[in-house]
A.B. asks: 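Take this structure, written in C-alpha cells, and hold onto it; I'll ask about it next.
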Amino acid sequence: MSKLTVAKFGGTSVGDYPAMLRCANIIKNDTGNRVVVVSASAGVTNLLVRLSQANLSSSEQVSIINQVRDIQYNITQNLVNQAELNQEVDGILVELSEYAKLQSAEVSSKIADTILSFGEQLSSRIFAQVLKTVQVNAQYFDVRSVMQTNSSFGKAVVDTEKLKQNCHQLLVPLLTNQVVVTQGFIGKDYDNNTTTLGRGGSDYSAALLAEALNADNLAIWTDVVGIFTTDPRITDKARAINEISFGEAAEMATFGAKILHPATLIPAMRHNIPVFVGSSKEPNKGGTYIQKTVSSTPTYRSIALRREQTLVTVKSPAMLHASGFLAKVFNVLAKHQLSVDLITTSEISVAMTFDNPTGTTQALLNSTVVQELEKLCEVSVENGLSLIAVIGNKMQQKSGVGSCIFDTISGINVRMICHGASEHNLCFLVNEEQANLAVEQLHKAFFEQNVKPTELATAS
Ligand code: ADP
Ligand code: ASP
Ligand code: MG
C-alpha cells in the first residue's frame, strides 16, 4: 500500500466550490492522501462565534444561520445531488438553531463548543460529496468518535493514547480502499459533549491524527505557498521558505505565525512526521518542508509577530534576597489558569507577558488577579503591545545577534527583551503602533539585502 498522508485543508481552501474542487484534485492526484481533515468553510466559524454569544435576539440568530446556509448552498448548487445535500444541510441547521436558542436563554461554554462544531460538520459532509464528483471513493467520518478530549471547552486537551486506540479500532480499517473525510478542530469529552481545540485548531487535529495513525506525511494545504520569512500581509517582500526545521517552525507557530496552530508541530516532532505546507490554489508551486534535519541553518530564518500582548510588572522590596515570593505570584496566576509567556526579572521586580487573543486574559488581569497580586506587591498592567520574535539558529551562541536586531530598529522603543532560553529565537515587545514598522525594518535588513542573513551575525 502507498504511504499514508494526512492532508488538511483550511477555511479558504474549502470556502467555495472552485476551491473545494482544487482540493479534490490534489487528493485525487496522490493516492497517499487517504485521511482528509477539513476546516469550516471560510467565514463560518466567525459566524458561529457570534451565534454562541449571549443575548442574541431570535432575528439575529436567524440572520446568522441564513448566512451560514448561503455559504454552504453556494457550494452545493454546483453538485449533482444538490437537493439531497441541501436537505442534509437544512437538517443540520435546524439542530444548530436549537442550540442557538438554548445558548441565548443561558449562555454556557459547553453549548458554545457544540455551536462552533457545526462549521466543520457541514464542510466535511459537502467536501466528501465534491470528492465523489472527481471519482474519489470518499467516506464521511465523524472525528468525534476518535478525538477523545477532556471537558475544557474552548481549549480541550486531547487524550492521545485514547485517540490512538480509537483510530486503530475505527479509522484504520476504513483506509484500505477509500479516502476518509473528517473534521478538524472538534472532539468529544468523556460525557459525549462536543468540544473544540481552540481557534485555528484544525492543523493540530490533523497532526494528532497523523501521529495516531503513524502516517508518513502531514500536508497542510492553505492559501499561501508555504511558510514565509514573515507574514505576507505585513510586507509583500516576504518570501516562501523551502525547508525549515521542526524547532524553528514550532517557534514561529508559537510566536504568532498564524499559518500553523501553535501546537501543530508537537505531535509531528514526537513522531518525526515530515510536514508540508503549500497552497491549495497553486499546488504546483511547491511549498515548505518542515522536518527534523535541514540542509541549511541560517542565523536568521524568519520574523513572527503576535499582537495584543499584556505586560504585567510586579514589584516588591520583599523580593530582595527572599525566597518564595515568585512562587506566591505564580500560585495566584495558576489559580486563575493564566499562562505566563515571557518573563524577565530585576532585583526587586518581575515583568511577565500574557497572550491575550480574546480579551479574556486582559479582563482577568484588570480585575481579580490584580487585586490578589496587590496583596503581595505593587502591580502595573500595560496593554497595547506586540511581541516580535526573530527566529533562526544558534542565536544565543553568536556574537552580534542582539546588536544586529536592535541597531536595525534603533528608532523604536523596545519594552522587554527575552533571549537565551531558546537557540531558535530572540523576542521583544514593542508598542502595537510600531510593530509593523519594526517587522518591515528587520525583514529588510535580514531578507532583502544582498548580504546573506548568516553574515549579519558573526559565528563565534
Ligand atoms: P487556513 O485557513 O488555511 O488554516 P490561516 O489563515 O489560518 O489559513 O493561515 C494562513 C495565513 O497565515 C496566511 O494567509 C498568512 O496571512 C498568515 N501568515 C502569518 N504568518 C505567516 C508566515 N510566516 N508565512 C505564511 N503565512 C503566514
Ligand atoms: N474552523 C476553526 C476556526 O476557524 C478551526 C480552523 O479553521 O482551524 O478557528
Ligand atoms: Mg489556520
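Keep in mind the model is a prediction, meaning the values are calculated, not measured. Numbering of ligands and ligand atoms starts at 1, following listing order.
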A.B. asks: Return the closest protein heavy atom for atom 23 (N) of ligand 1 as residue, atom name and distance.
C.D. replies: F228 O, 3.2 Å

A.B. asks: Which atoms of ligand 1 sit under 4.0 Å from any heavy atom of K258?
C.D. replies: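 Heavy-atom distances to K258 below 4.0 Å select 5 (P), 6 (O), 7 (O), 9 (O), 12 (O), 19 (C), 20 (N).
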
A.B. asks: Yes or no: does E120 have any heavy atom under 4.0 Å from an atom of ligand 2?
C.D. replies: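 Within the 4.0 Å threshold, so yes.
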
A.B. asks: Quick one: look up the protein heavy atom nearest atom 3 (C) of ligand 2 and list residue, atom name and how far away it is.
C.D. replies: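 Checking every protein heavy atom, the shortest distance to atom 3 (C) of ligand 2 gives R199 NE, 3.3 Å.
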
A.B. asks: My understanding is that only one of E248, E423, K398 makes a side-chain hydrogen bond (donor to acceptor under 3.5 Å, both in side chains) with N393; could you say which?
C.D. replies: E248

A.B. asks: Just by modelled atom types, is the K281 backbone N or O under 3.5 Å from a matching donor or acceptor in the S279 side chain?
C.D. replies: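 Here the side-chain-to-backbone pair exists.
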
A.B. asks: Which atoms from ligand 1 have a heavy atom of I227 less than 4.0 Å away?
C.D. replies: 24 (N)

A.B. asks: Between the candidates S202, G198, S41, S123, which shows the shortest non-hydrogen contact distance to atom 6 (C) of ligand 2?
C.D. replies: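 The residue whose heavy atom sits nearest atom 6 (C) of ligand 2 is S202.
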
A.B. asks: Can G184 be said to touch ligand 2, with heavy atoms closer than 4.0 Å?
C.D. replies: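 So G184 does not count as touching ligand 2.
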
A.B. asks: Closer than 4.0 angstrom: is that true for some heavy atom of G200 and an atom of ligand 2?
C.D. replies: yes

A.B. asks: Please determine, by modelled atom types, if D113 and T194 share a side-chain donor-acceptor pair under 3.5 angstrom.
C.D. replies: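 No pair is found: no donor N or O on one side chain lies under 3.5 Å from an acceptor on the other.
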
A.B. asks: Out of all atoms in ligand 1, which are within 4.0 Å of some heavy atom of D223? Include the element for each.
C.D. replies: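 Going through ligand 1 atom by atom, the ones under 4.0 Å from D223 are 10 (C), 11 (C), 13 (C), 14 (O).
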
A.B. asks: Do any heavy atoms of G200 fall under 4.0 Å from ligand 1?
C.D. replies: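 Per 4.0 Å heavy-atom rule, G200 does not contact ligand 1.
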
A.B. asks: In the protein, which heavy atom is nearest to atom 2 (O) of ligand 1, and how far is it?
C.D. replies: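 Checking every protein heavy atom, the shortest distance to atom 2 (O) of ligand 1 gives G11 N, 3.1 Å.
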
A.B. asks: What's the shortest distance from atom 15 (C) of ligand 1 to any protein heavy atom, and which residue and atom give it?
C.D. replies: D231 OD1, 3.6 Å

A.B. asks: Do side-chain atoms of T353 reach the backbone of L342 as a donor and acceptor pair under 3.5 angstrom?
C.D. replies: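 It does hold such a pair.
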
A.B. asks: Ring centres of F127 and Y140 under 6.0 Å apart?
C.D. replies: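 No, too far apart.
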
A.B. asks: Would you mind listing which atoms of ligand 1 come within a distance below 4.0 Å of any non-hydrogen atom of R233?
C.D. replies: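 Ligand 1 atoms under the 4.0 Å threshold to R233: 16 (O), 17 (C).
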
A.B. asks: Output the list of atoms in ligand 1 that are nearer than 4.0 Å to some heavy atom of M252, sorted by atom number.
C.D. replies: 23 (N)

A.B. asks: With a cut-off of 4.0 Å, which atoms of ligand 2 are near a heavy atom of S39?
C.D. replies: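 So the atoms of ligand 2 that pass are 6 (C), 7 (O), 8 (O).
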
A.B. asks: Heavy atoms, side chains only, cut-off 4.5 Å: are C427 and V390 in contact?
C.D. replies: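 The answer is no, as the side chains (C-beta and beyond) never meet within the 4.5 Å cut-off.
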
A.B. asks: On a heavy-atom basis, I'd like to know which of A257, A42, G184, G226 is closest to atom 25 (C) of ligand 1.
C.D. replies: G226

A.B. asks: Around atom 12 (O) of ligand 1, find the nearest protein heavy atom and jot down its residue, atom name and distance.
C.D. replies: I259 N, 3.4 Å

A.B. asks: Do me a favour and list the nearest non-hydrogen protein atom to atom 8 (O) of ligand 1 with residue, atom name and distance?
C.D. replies: T222 OG1, 3.2 Å

A.B. asks: Which atoms of ligand 1 have any heavy atom of K8 under 4.0 Å away?
C.D. replies: 4 (O)

A.B. asks: State whether the side chain of T182 and the backbone N or O of V143 hold a donor-acceptor pair below 3.5 Å, judged by distance alone.
C.D. replies: yes

